**Q** 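Okay, here's the structure, questions in a sec.
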Amino acid sequence: MRKIVALSVAVLLVTWLLIVGLDAAHVMPVEASTQAVSVDWMWKLMEIVMSFLTALILVPMFYSLVVFRRRKGETGEGVHVDGNTKLELIWTAIPLVAVVVFAILGGGNLADVLRQDPNAMVVKVTGHQWSWKFEYPTDPETGLTVVSDELHLPVGQQVLLLMTSSDVIHSFWVPEFRLKQDLVPGRFTKLTITPSEVGNYAVRCAELCGTSHAYMENPVIVSTRDDYSAWLSSKIQEAKVAATDPVGFGEILVKQNGCVACHSITGAAGIGPTWLNLFGATVKLSDGTTVTADQAYLTESIKEPQAKIVANFTTQMPTYGFTDDQIAALVAYIETLK
Amino acid sequence: MKHNPLRNAFVFLLAFGAVGYGAGLGIDRLVTGDFHFSGAVAAAFALLFSVAAFFFGLYGYRGVTRGLTFQVVGMFAGALFVTLIRALMGLKAFDAFLFSEPAWVFGGLVGAIAFLFGVGVVSDWMKWARGIDTPEHHEDEPGWRKFFGVSLDHKVIGIQYTVTALFLISVGGLFALIFRTELAESQLQFLTENLRLFDQSGPQLYNTLMSLHGMIMIVSILLGIAGIMNYAVPMLIGARDMAFPRLNAFAYWLSVPAIMLLLMSLVLGGFDTGWTGYPPLSARAPVGMQMFFLGVFVAGWSSILGGLNVIATTLRMRAKGMSPFRLPILVWSALAASIIQLTATQLIGLSFQLVMFQRLFDMGFFDPAKGGNPVLFQHLFWFYSHPVVYVFVLPGLGVISELLPVFARKPLFGYRWVALSSLGIATVGSIVWAHHMFASGMNEYLRVPFMYSTMLVAVPTGVKFFSWVATLWGGKIETPTPMLFVLGSIVVFLFGGVTGPPNAMVALNLHLHDTYWVVGHFHDTIFGGFVFPFFAALYYWFPKATGRRMNEFWGKVHFWLMTPSFLVLTFGMMFIGLRGMRRRIVDYDPAQGFDHAQLILTICAFLIAISILIFLINFFRSIKHGEVATGNVWKSRSPEWQVPSPMPAHNYDVPFEVVGEPYDYGLAGSKYIEFAADGAGKKH
């Protein structure tokens with residue numbers, strides 16, 4: 001009996017030490033959304049569960065290894081005990097009860113992070129290989145829609161991300177917001193986030209999506225409501241100007257679609273050919289022929305990326321479904337890169 | 001002059017590798033008009049030629065060499081056949097990797113079937129079909145040569161499985177070391193954009209190696225448990241062999257062409273989907289994807305037939321008096337694992353086959369543009385791929401329960417509970433698959449029941465842990481190498497187990513999913529549930545197979561080097577995972593501050609590799625030079641240790657009868673089995 005009491009005390013002590021250790025290690029990133037608070041509450045609970053279970057098994061195990069080890073010169077066998085039905089019932093029943101308790105807690109916790117505000121701001125998210133595109137609510141005065149490759153969010157306002165993919169499955173994850181949701185082609189998935197801390201974060205794709213999956217990373221900026229409004233109106237202003245200037249429009253499209261993730265404008269090597277000094281240059285293709293990078297060639301390469309592949313490039317560029325106006329603007333922009 | 005066969009093998013490997021490379025280069029030049037020195041075609045030819053030549057040098061033109069030759073010829077014949085038809089139909093005959101995708105797929109399939117004819121594993125069945133009788137048993141060659149041809153002896157097949165598994169573990173581990181080295185530092189060091197190998201850039205090659213690491217390890221585990229089950233089950237239950245010896249050999253030999261196909265996927269442009277092969281990404285990947293699908297499909301057949309055999313053997317061939325609750329405990333978990341293998345493997349084969357057909361015949365099963373549903377694939381895939389982790393760990397947990405009483409010198413605590421908990425785990429494990437899909441976009445509410453069922457797995461698993469601890473309590477514990485690995489299994493599997501519940505809680509899972517946390521968690525479960533018990537089993541039954549034992553000192557070095565390195569590796573993975581490190585990425589943002597941790601992880605990976613190398617040297621050296629051990633080395637009560645080692649060809653000369661409980665250590669005068677006293681019923 002004294003052994004049992006001593007062991008119980010040791011189990012509790014080790015549990016406590018493990019919890020303190022895990023707490024001190026600060027394993028979770030900054031909490032930047034109200035959902036993160038709920039998730040972290042569950043994590044704390046799980047720290048206790050993990051610590052207790054570890055101690056519950058390891059303490060008596062190592063105790064046995066020391067106390068019941070065969071000493072030098074010792075003969076004979078262990079005590080002949082082959083089971084105890086009462087004990088087996090206890091260590092089946094108690095975990096069963098624990099499972100029911102955690103099922104209830106887990107369900108409630110899920111409801112907390114899914115709770116939706118009817119006044120949530122809706123941002124449309126499109127993932128594509130290998131960048132993100134965010135469409136903000138249409139401006140009621142000008143009728144213009146701001147599209148950006150940056151996710152700007154006002155603090156304290158719940159946002160409903162309405163997400164889809166134009167090619168393969170991607171996954172939206174900002175570790176500081178905690179929650180993760182896949183983007184599936186052909187359907188919309190939802191994620192609600194209420195940012196709670198002003199700051200700069202990054203959204204990184206969490207579902208393997210091909211060659212440059214590791215670099216599918218765009219900025220997320222949580223700012224005060226005023227800063228957010230200022231940013232949004234500057235973008236609307238930009239969009240107004242762009243409508244009258246093809247080169248400027250092309251530049252905005254390039255930003256919105258994350259083209260530079262593959263095509264550098266500085267001459268640096270990338271997944272796709274650089275655009276610097278591309279217009280008018282002679283390009284060697286993978287079938288051995290050459291072609292001049294003129295209006296027609298560039299238009300074709302944007303519309304049908306597989307038609308002509310540049311030598312030494314393997315990655316297949318996806319089609320983006322640009323309109324003719326947009327393509328003309330893109331080509332006009334590429335022409336300026338000298 | 002006497003040649004060393006192993007030296008011959010390597011000379012042939014290099015020579016024919018060079019010949020194959022040259023041939024591939026030349027043919028590629030003829031078709032494309034250009035030399036591709038690091039291209040797929042030259043590499044594919046070099047791979048096929050060198051592997052076949054290696055076995056030719058070792059063993060001559062028979063058995064496995066003949067099988068591989070048939071596979072190579074079959075593959076090219078099949079591919080040329082489709083190419084010819086395509087040319088006649090006016091379709092594009094040749095493509096980037098010499099043959100078109102349909103030609104490679106058909107060639108791969110024909111090659112795998114041709115292998116089985118070449119190796120000779122179907123010749124008895126073919127003879128029977130033609131009305132020709134064959135002897136019931138075939139005598140094996142003496143010495144090591146019997147392992148390279150078709151044998152019907154379950155012990156030979158068990159060793160074939162085990163050594164193939166060790167080879168594959170080394171290949172998969174090598175892949176891991178390559179990408180682990182790249183990950184040691186942020187930014188790209190050698191897997192760069194400018195690299196071109198097998199028509200893949202650095203990041204693409206990373207994706208291929210990472211994906212193949214997963215599937216090659218999975219296949220190696222399936223082969224490893226098949227090795228344990230094949231070798232041990234008939235011996236433990238007192239059977240002369242498995243229920244269907246020819247089917248048993250057939251199942252093993254299926255795995256060899258499957259491995260060749262998996263390796264072909266590396267050189268034929270690779271693939272970038274991970275071992276999970278989710279469409280639409282897998283519908284767009286290079287030809288390597290199809291070779292991967294085909295390889296898994298063939299390996300799946302091997303697993304299904306192997307499982308069938310274990311079930312039939314356990315149900316029908318037990319010794320007299322061996323009632324269900326007097327079975328050696330390992331047989332219970334082998335049975336539970338085999339039921340999963342027999343009933344769930346079809347689903348991964350099916351899901352991969354559907355993507356294969358989507359690519360070949362433009363059937364839009366998972367293509368949203370054609371009304372297909374990419375999430376459906378994930379359900380089909382995980383319906384097998386979750387239960388399969390219990391195929392990996394149940395035999396391992398069985399090894400723990402089997403060996404603990406031997407070294408604690410005490411009965412297994414709560415035998416019936418431990419036995420039934422295996423079936424409990426297998427049952428509950430079949431209804432938890434969608435917990436891999438909490439973030440997938442499936443119905444939101446469906447996540448709740450899967451959270452409940454997932455947590456339920458903790459109950460039967462807990463029974464095992466408590467019973468193990470209670471078995472140790474009050475024992476006279478000895479710790480030779482096998483026992484060290486058993487104890488290591490319990491500790492490592494415990495860490496895999498306790499990190500499970502956080503994944504089950506849906507909201508928390510949405511943070512943990514697809515991060516290094518999960519990578520750390522499942523490496524703990526697989527090492528604790530398979531790798532450590534596998535090593536324990538190898539050290540434990542090595543004397544039974546060879547009549548010698550492995551070196552104890554180097555066994556302990558292996559253990560004490562591997563265990564701490566591995567724990568640091570997985571704890572480190574979990575830590576950076578929680579901080580935001582995603583899975584399956586070739587590079588990470590230096591701003592996230594993972595550089596130091598990643599360097600430590602890489603060092604740990606190399607330490608583990610060194611410890612495995614020590615094990616391999618010890619293993620192969622001890623076959624010839626180990627200390628002689630023909631008796632009951634571990635003082636076990638188990639029937640196989642009551643006869644001298646190594647075990648003769650048809651197991652027990654005299655049948656035994658079960659007269660007591662299997663694990664009654666410490667009960668004076670008790671006996672588990674008794675051999676028929678007068679040799680009555682002595683086998684012919």
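Not measured: the values here are computed from a predicted model. Naming convention: chains lettered A, B, ... in sequence-line order (proteins, then strands); numbering from 1 in each chain.
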**Q** In Å and rounded to the nearest 0.5 Å, what is the CG to OG1 distance from B:Leu205 to A:Thr211?
**A**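 B:Leu205 CG to A:Thr211 OG1: 11.5 Å, rounded to 0.5 Å.
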
**Q** May I ask you to name which of A:Asn84, A:Asp112, A:Leu105 has the most heavy-atom pairs under 4.5 Å with chain B?
**A**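 It is A:Asn84.
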
**Q** Is B:Thr32 in contact with chain A via its backbone, its side chain, both, or neither, using a 4.5 Å heavy-atom distance?
**A**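 Neither part.
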
**Q** Could you go through B:Val491 and A:Ile57, starting from their C-alpha distance and side-chain angles, then the distance that decides it, and tell me whether this counts as side-chain contact (heavy atoms from CB on, under 4.5 Å)?
**A** CA-CA 9 Å; B:Val491 173; A:Ile57 300 296; over 6 Å; no

**Q** What part of B:Tyr278 gets closer than 4.5 Å to chain A, counting heavy atoms only: side chain, backbone, both or neither?
**A**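 The side chain, not the backbone.
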
**Q** With rounding to the nearest 0.5 angstrom, report the CG to CE distance, B:Asn503 to A:Met46.
**A**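 Separation between the atoms: 10.0 Å.
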
**Q** Under a 4.5 Å heavy-atom cutoff, which of B:Leu667, B:Leu472, B:Asn194 has the most pairs with chain A?
**A**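 Highest number of pairs under 4.5 Å: B:Leu667.
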
**Q** With chain A, which of B:Arg584, B:Lys635, B:Met505 has the greatest number of heavy-atom pairs at distances under 4.5 Å?
**A**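 Highest number of heavy-atom pairs under 4.5 Å: B:Met505.
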
**Q** Test A:Arg204 against every option in B:Asp514, B:Asp589, B:Asp587 by the salt bridge (charged side-chain N to carboxylate O under 4.0 Å, His left out) rule and name the one that passes.
**A**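 It is B:Asp589, the one option of B:Asp514, B:Asp589, B:Asp587 that forms the salt bridge (charged side-chain N to carboxylate O under 4.0 Å, His left out) with A:Arg204.
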
**Q** How long is the span from the CG atom in B:Leu508 to the CG atom in A:Leu179, to the nearest 0.5 Å?
**A**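 The distance works out to 10.5 Å.
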
**Q** Would you mind reporting whether B:Leu510 and A:Gln181 have side-chain heavy atoms less than 4.5 Å apart?
**A**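 A side-chain contact under 4.5 Å is absent here.
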
**Q** Can you tell which part of A:Glu176 gets under 4.5 Å to a heavy atom of chain B, answering side chain, backbone, both or neither?
**A**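 Looking at A:Glu176, nothing touches chain B.
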
**Q** So what's closer than 4.5 Å to chain B heavy atoms on A:Trp91: side chain, backbone, both or neither?
**A**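 When you check distances to chain B, atoms from both the backbone and side chain of A:Trp91 fall under 4.5 Å.
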
**Q** Restricting to non-hydrogen atoms, name the atom on A:Met50 and the atom on B:Val498 that form the minimum distance, rounded to 0.1 Å.
**A**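 Here A:Met50 and B:Val498 meet closest at CG-O, 3.1 Å.
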
**Q** Is chain A contacted by the side chain of B:Leu412, its backbone, both, or neither, given a heavy-atom distance below 4.5 Å?
**A**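 Contact with chain A: backbone only.
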
**Q** Do A:Pro29 and B:His511 make a side-chain contact, defined as non-hydrogen atoms from C-beta onward lying under 4.5 Å apart?
**A**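 Sidechains of B:His511 and A:Pro29: in contact.
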
**Q** Please identify, among A:Ser51, A:Cys205, A:Ala25, A:Pro60, the residue contributing the most non-hydrogen atom pairs under 4.5 Å to chain B.
**A**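 With the most close heavy-atom pairs to chain B, the winner is A:Cys205.
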
**Q** Would you say B:Phe571 has more than 12 foreign heavy atoms packed within less than 6.0 Å of its CZ?
**A**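 More than 12 within 6.0 Å, yes.
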
**Q** Could you grab the distance from atom CG of B:Leu188 to atom OH of A:Tyr215, nearest 0.5 Å is fine?
**A**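 Result: 3.5 Å between the selected atoms.
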
**Q** Tell me which of these, A:Ile94, A:Val39, A:Val49, has more heavy-atom pairs under 4.5 Å with chain B than the rest.
**A**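 Maximum pair count with chain B is reached by A:Val39.
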
**Q** Below 4.5 Å, heavy atoms only, C-beta onward: do A:Arg69 and B:Thr479 meet side chain to side chain?
**A**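 Answer no - side chains too far apart.
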
**Q** Which atoms form the tightest heavy-atom contact between A:Val27 and B:Arg579, and what is the distance?
**A**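 Closest pair (atom of A:Val27, atom of B:Arg579, distance): O-CD, 3.1 Å.
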
**Q** Quick one: of A:Val99, A:Thr85, A:Val79, who has the most non-hydrogen atom pairs under 4.5 Å with chain B?
**A**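 Highest number of pairs under 4.5 Å: A:Val79.
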
**Q** Side chain, backbone, both or neither: which part of B:Ile576 has a heavy atom under 4.5 Å from chain A?
**A**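 Neither part; nothing is under 4.5 Å.
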
**Q** Given the options B:Gly441, B:Pro203, B:Pro502, which has more heavy-atom pairs under 4.5 Å with chain A than any of the others?
**A**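 Option with the greatest count: B:Pro502.
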
**Q** Report the C-alpha distance between B:Ile477 and A:Leu65 in whole Å, list the side-chain angles of each, state the deciding distance to 0.1 Å, and finish with yes or no for side-chain contact (heavy atoms from CB on, under 4.5 Å).
**A** CA-CA 7 Å; B:Ile477 302 166; A:Leu65 288 183; 4.0 Å; yes

**Q** In Å, rounded to the nearest 0.5 Å, how long is the span from CD of A:Glu207 to OG1 of B:Thr273?
**A**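 With rounding to 0.5 Å, CD (A:Glu207) is 10.0 Å from OG1 (B:Thr273).
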
**Q** Which one of A:Leu96, A:Thr189, A:Leu87 has the most heavy-atom pairs closer than 4.5 Å to chain B?
**A**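 It is A:Leu96.
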
**Q** Around A:Lys44, counting heavy atoms of other residues, nucleotides and ligands shown, do more than 12 lie under 6.0 Å from its NZ?
**A**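 Counting neighbours around NZ of A:Lys44, more than 12 heavy atoms of other residues, nucleotides or ligands fall under 6.0 Å, so yes.
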
**Q** As an exercise: rank B:Gly372, B:Ala369, B:Gly33, B:Ala439 by heavy-atom pairs under 4.5 Å with chain A and give me the winner.
**A**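 Answer, by heavy-atom pair count under 4.5 Å with chain A: B:Ala439.
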
**Q** Among B:Met455, B:His513, B:Arg284, B:Arg409, which residue has the highest count of heavy-atom pairs closer than 4.5 Å to chain A?
**A**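 The option with the most such pairs is B:Arg409.
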
**Q** Is it the backbone or the side chain of B:Pro279 that comes under 4.5 Å from a heavy atom of chain A, or both, or neither?
**A**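 It is the backbone, since no side chain atom gets that close.
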
**Q** Do you know which of A:Gly186, A:Ala206, A:Pro95 has the most heavy-atom pairs with chain B at a distance under 4.5 angstrom?
**A**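 Top count of heavy-atom pairs under 4.5 Å with chain B: A:Ala206.
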
**Q** So which of B:Thr499, B:Leu487, B:Thr276, B:Asp367 has the biggest tally of heavy-atom pairs under 4.5 Å with chain A?
**A**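 Option with the top pair count is B:Leu487.
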
**Q** Do B:Val463 and A:Thr92 come close enough that some side-chain heavy atom pair is under 4.5 Å?
**A**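 B:Val463 reaches A:Thr92 side chain to side chain.
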
**Q** Flag the pair B:Asp272 / A:Leu208 as yes when at least one side-chain heavy-atom distance between them is below 4.5 Å, and no otherwise.
**A**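 Not in contact.
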
**Q** Taking C-beta and beyond as the side chain, do A:Leu89 and B:Trp417 meet within less than 4.5 Å on heavy atoms?
**A**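 Counting from C-beta outward, A:Leu89 and B:Trp417 do come under 4.5 Å.
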
**Q** Non-hydrogen atoms of chain A under 4.5 Å away: do they reach the side chain of B:Arg416, the backbone, both or neither?
**A**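 When you check distances to chain A, no heavy atom of B:Arg416 falls under 4.5 Å.
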
**Q** If you take all heavy atoms of B:Phe495 and A:Thr54, which pair is closest and at what distance?
**A**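 Shortest heavy-atom contact: CE2-CG2, 3.7 Å.
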
**Q** How long is the span from the CD atom in A:Glu77 to the NZ atom in B:Lys476, to the nearest 0.5 Å?
**A**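 If we round to the nearest 0.5 Å, A:Glu77:CD and B:Lys476:NZ are 9.5 Å apart.
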
**Q** Check A:Pro185 against B:Pro374 and note the closest heavy-atom contact, atom names and distance.
**A**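 Heavy atoms only, the tightest pair is O-CG, 4.2 Å.
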
**Q** With a 4.5 angstrom heavy-atom cut-off, is it the side chain or the backbone of B:Met574 that approaches chain A, or both, or neither?
**A**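 Nothing of B:Met574, per the 4.5 Å heavy-atom cut-off to chain A.
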
**Q** In terms of ring plane angle, is the pair B:Trp473 and A:Tyr63 parallel, tilted or perpendicular, where the classes change at 30° and 60°?
**A**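 Correct class here is parallel.
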
**Q** Of the backbone (N, CA, C, O) and the side chain (C-beta and beyond), which part of B:Val448 lies under 4.5 Å from a heavy atom of chain A, both, or neither?
**A**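 The side chain, not the backbone.
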
**Q** Passes side-chain contact (heavy atoms from CB on, under 4.5 Å), B:Asp664 versus A:His80? Steps please.
**A** CA-CA 7 Å; B:Asp664 264 343; A:His80 183 264; 2.6 Å; yes

**Q** Apply side-chain contact (heavy atoms from CB on, under 4.5 Å) to residues A:Lys180 and B:Phe438 and explain how you reach the verdict.
**A** CA-CA 9 Å; A:Lys180 201 176 277 125; B:Phe438 285 160; over 6 Å; no

**Q** Should B:Pro411 and A:Val81 count as side-chain neighbours, where that means a heavy-atom distance under 4.5 Å?
**A**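 Heavy-atom side-chain distance check fails, nothing below 4.5 Å.
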
**Q** Over all heavy atoms of both residues, which pair between A:Pro175 and B:Gly580 is shortest? Give the atoms and the distance, please.
**A**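 Heavy atoms only, the tightest pair is CG-CA, 4.0 Å.
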
**Q** Need one label for A:Glu74: side chain, backbone, both or neither, based on atoms under 4.5 Å from any heavy atom in chain B.
**A**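 Contact with chain B: side chain only.
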
**Q** Give the minimum heavy-atom separation between A:Arg187 and B:Asn373, together with the two atoms involved.
**A**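 That closest heavy-atom pairing would be NH2-OD1, 2.9 Å.
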
**Q** Check each atom of B:Ser467 against the heavy atoms of chain A and say whether the ones under 4.5 Å are side chain, backbone, both or neither.
**A**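 Both parts, backbone and side chain.
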
**Q** Sort A:Leu183 into side chain, backbone, both or neither according to what part of it lies under 4.5 angstrom from a heavy atom of chain B.
**A**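 Contact with chain B is absent: no heavy atom of A:Leu183 under 4.5 Å.
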
**Q** I want to check something: taking the side chain as every heavy atom from C-beta on, are A:Ile169 and B:Gln378 in contact at a cut-off of under 4.5 Å?
**A**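 Yes; the side chains approach each other to less than 4.5 Å.
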
**Q** B:Arg583 versus chain A, heavy atoms under 4.5 Å apart: side chain, backbone, both or neither?
**A**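 Just the backbone, heavy atoms under 4.5 Å.
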
